[in-house]
Amino acid sequence: QVQLVESGGGLVQAGGSLRLSCAASGRTFSNYAMGWFRQPPGKEREFVARISAVGTVTYYTDSVKGRFTISRDNAKNTVYLQMVSLKPEETAVYYCAAGPSSVYYTRGGSYNYWGQGTQVSVSS
């Protein structure tokens, strides 16, 4: 029903900014909540941010609050993650995911569709 493709990753210096995009195909994009996850080298995948289907409710992991902003444009079938003041420890593969509304929004198993990931590398 939904196919996701991330873009916008790359190499940035500590303190820099990146804007990730996740483009969705299909006609049911607006029915899904969207999440961003990341997986640092050698570590487990972790929740980063979540936005409701309509785009009125957002959630963030504590470490990124005030620095990252998740948004969506349903007319363009795209979700974004604006990241500022990036830190070296935030080097990771970043994934977008789509799923139904759920109270378990920090769990990867709550999402039905995943993108291929985009690499974000933050140098010190």
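Counting all heavy atoms, side chain and backbone alike, E46 lies closest to P40 at OE2-CG, 4.4 Å. Considering all non-hydrogen atoms of both residues, G9 and T118 come closest at N-OG1, 3.2 Å. Taking both residues in full, the closest heavy atoms of P88 and S124 are given as CG-CB, 3.9 Å, listed atom of the first, atom of the second, then distance.
The local environment of NZ in K43 is sparse, with at most 12 non-hydrogen atoms from other residues, nucleotides or ligands closer than 6.0 Å. Remark: Q3 CD is loosely packed, at most 12 non-hydrogen atoms of other residues, nucleotides or ligands lying under 6.0 Å away.
Applying side-chain contact (heavy atoms from CB on, under 4.5 Å) to V120 and the options L81, L18, V93, L11 leaves one that passes, L18. Screening L20, T91, V64 against R38 for a side-chain contact (heavy atoms from CB on, under 4.5 Å) leaves a single residue, V64.
A donor-acceptor contact shorter than 3.5 Å links the side chain of E6 to the backbone of C96. Checking side-chain atoms of T78 against main-chain N and O of K76 turns up a donor-acceptor pair under 3.5 Å.
Grouping the Ile, Leu, Val, Met, Phe, Trp and Tyr side chains by contacts below 4.5 angstrom, directly or via other members, places V48 with Y113. Note on Y111: it clusters hydrophobically with V57, by side-chain heavy-atom contacts below 4.5 Å among ILVMFWY residues.
Counting only heavy atoms from C-beta outward, the side chains of M83 and R67 never approach each other to under 4.5 Å.
R50 forms no cation-pi arrangement with Y59, by the criterion of a distance under 6.0 Å to the ring centre and an angle within 45° of the ring axis.
If you take OH on Y32 and CG on L4, they are separated by 10.0 Å, rounding to the nearest 0.5 Å. For the atom pair C22 SG and N77 CG, the distance stands at 10.5 Å (nearest 0.5 Å). Here W36 contributes atom CH2 and F47 contributes atom CZ; the two are 12.5 Å apart, rounded to the nearest 0.5 Å. Taking OG of S71 as the reference point, atom CE of M34 lies at 11.5 Å (rounded to 0.5 Å). The CD1 atom of I70 sits 12.5 Å away from the CD atom of Q82 when rounded to the nearest 0.5 Å. The structure places OG1 of T58 at 10.0 Å from NZ of K65, a figure rounded to the nearest 0.5 Å.
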Give every donor-acceptor pair under 3.5 Å between a side-chain atom in residues 100-110 and any protein atom, sequence neighbours left out.
from	atom 1	to	atom 2	distance (Å)
S102	OG	Y104	N	3.0
S110	OG	Y104	O	2.8

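Below 30°, between 30° and 60°, or above 60°: for F68 and Y94 the angle between ring planes is between 30° and 60°, a tilted geometry.
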